[in-house]
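Reviewing the structure listed below.
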2 protein chains.
Amino acid sequence: MAVRLKDIARDLGVSVVTVSKVLRNHEDIGQETRDRVLKRIKELNYQPNLAARALVTGRSHLMGLIVPDLVHAFFAEVAKSVSQLLRAHGYGLVIASSEEDPDLEKQEIAQMLARRLDVLLIASSQRTGESFRKIEEQQRSYVLVDRRFKGLAANFVGTDDLAVGRMATEHLIENGCRRIAYIGGNTVSTALDRLKGYRSALSSANLRVSGKYTICRAHADDSGDVTGYRAAQELLALSPRPDAIFCNNDPIAMGAIGAILEANLRIPEDISIVGAGNVRYASALRVPLSSIDQDSHALGTRAAELALSLVQPKGDRQPKQVLLQPRLVARESSLRNRSGSLLQPMQR
Amino acid sequence: MAVRLKDIARDLGVSVVTVSKVLRNHEDIGQETRDRVLKRIKELNYQPNLAARALVTGRSHLMGLIVPDLVHAFFAEVAKSVSQLLRAHGYGLVIASSEEDPDLEKQEIAQMLARRLDVLLIASSQRTGESFRKIEEQQRSYVLVDRRFKGLAANFVGTDDLAVGRMATEHLIENGCRRIAYIGGNTVSTALDRLKGYRSALSSANLRVSGKYTICRAHADDSGDVTGYRAAQELLALSPRPDAIFCNNDPIAMGAIGAILEANLRIPEDISIVGAGNVRYASALRVPLSSIDQDSHALGTRAAELALSLVQPKGDRQPKQVLLQPRLVARESSLRNRSGSLLQPMQR
DNA sequence: TTGAAAGCGGTACCAA
DNA sequence: TTGGTACCGCTTTCAA
């Protein structure tokens, strides 16, 4: 059926070893033999069976990526850039979505380990880093992406989330907001750190940090728009009403915007909004959304680079942490007292 | 390092064959032996090496999915539901994004074939079905998703795109539009069929089909928002100006909306818009977007089911076509003479 | 420079 | 009910 090394060897009257060596550019093959083999490989459109190669070499040339939600544009962007860089280095990528469910994520990790994927890249929804110690016990390598765990010294590529929270909050303060609320999660490191940054910015500006204004929801990423919608409704019922909301991510911000407009309030005049992630369509939303950009492309690229370094035998085994700096992209949802409604219309 | 069948067999004083059979629930193993083996498997947390199994059985239990753009929410949704169903059946999914580039797509197909993925699911960006005949020559199975090819009788799961075009156009006509333009592509079947549906609806309503109002761009999906933005600008310069635009997909519609608002025109009063795909955030856009829903979830599920049927030995080899019916979701961007601005605020 | 033999970790077949 | 043997397609080692 499919062409094998054996077939080529037989055709040419050489051994399979010779063909195998030509295939992998070994030095010790004569030019003439090499040419004959290459010619035949072309003719038959031979493609090595990577499963067989994986079995003997112990490396599948396949990596795994688990994200909480593939439809969330931020993770889709990360997945895309990881995939691109890996492919450029001859690696394929198995992608799975955990739906923000820790148990499902564990199952997927187990599957990927069984498949002998060379490295796992995981934006984890677990509460603790326990599962990852198990991976380590099996001597398998992995990279945490975007989210990490306290006390787990693992390879990690993510954003400086303290800075994210601080940056968003400071921006809102600079634009005249004083009663700034937060909507986010309370389980994953990104949400916790952003919350911390938010609080620290408030304190620095001598603004009161009020528990009433802090809404933490477990599923802050999955269907974030619904979460944001409901949470914003709660905030609107408060007195005094907040005059700004920092949302843990853009889907939450979208939901919040929906709730606010539905209550016939204006954005940003009555309530300003800042999200995070700066998804592709943030500028096209009902109210163009200010967001803290996390450079999803760089995040994916750096994560893939780190993963590739782990399969290099020379590399040292010290876990490496990469922290990217976020960047504010201000749009209409947070810019008070400015000109028109079409600031930066096509900016991403 | 990792536990192997051999290790368990040695520990228990049985043969590897016995252990292997227990693992796969063969009938012909004594209850006592079976229990001992299962116990040991648990103890050692044994996980079969799927690469080895793949080599001997010839099935990798891995499928491949190639989409034009993973960040396009429509394809992300399809990918998610494909992945979910396959995982439930013990299959992993390798995902690649072709960036709407036919050559890149060919490379990815070659890679996946070399990896011996059991079935390939492809939303193809090719101009012709040529590459797929090659896959067939290699006796490998594949499923076309969303897009198909004239004259290629292949397994296919997609939308009735003629109906998409007709439905969108008829809706615009019913809402009082008379000079309806189209922005889309001219290479893939979805765009061509929707264009055909658009024309047929115009003709049925005795409206003139004008070439001026038809803008076809090669990259109608990849960065569709930029495409839509530019194309809409061209349309706005025409005289008489169109009073509606049917956009081949939602990203294009988003770009078009940007251009229209920038020109200080109103939607839907001056120009109505309908997109297609009904992406998750369509209702949260600057102008809540009317869209033809393609039920991406069902699309992915049906495609995965079809793919699974191909690895069942019993199944007949007749290529099967599944055509899903689209559904109009009308929102503010096309509803003239109606009440407020907040119709169906959170609808998806 | 070339190739014979062994083996990666499983499964299939058939005999015991 | 159990297991010996061959083999999947490739790489590694080492001798010729």
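These numbers come from a predicted model, not from an experiment. Here is the naming used below: chain letters follow the sequence lines, and residue numbers restart at 1 for every chain.
Side-chain proximity of B:K6 to C:dA12, C:dT11, C:dC8: nearest is C:dC8. With D:dG3, C:dT1, D:dT11 as the choices, the nucleotide that has an atom nearest any side-chain atom of A:T57 turns out to be D:dT11. Distances were taken from every side-chain heavy atom of A:R53 (C-beta onward) to each of D:dG3, C:dG10, D:dC10; the shortest belongs to D:dC10. Side-chain atoms of B:V14 lie closest to D:dG3 of the nucleotides D:dT11, D:dG3, C:dT1. Considering only the side chain of A:V17, C:dG3 comes nearest among C:dT11, D:dG9, C:dG3. Side chain of B:R24, nearest nucleotide from C:dG3, D:dC10, C:dT11: C:dT11. For A:A52, the side-chain atoms get nearest to D:dG9 when compared with the rest of C:dT2, C:dC14, D:dG9.
Between C:dC8 and A:R116, no contact under 4.0 Å exists linking OP1 or OP2 to a side-chain N or O. Under 4.0 angstrom from either OP1 or OP2 of D:dC10 there lies no side-chain N or O belonging to A:S20.
Within the nucleic acid shown, B:V16 has no heavy atom closer than 4.0 Å to any nucleic acid atom. At the heavy-atom level, A:L55 lies under 4.0 Å from base atoms of the strands shown. When heavy atoms are screened at a 4.0 angstrom cut-off, B:N49 is found touching the sugar-phosphate backbone but no base atom.
A:E108 places no side-chain N or O within donor-acceptor distance of the main-chain N or O of A:A96, the cut-off being under 3.5 Å.
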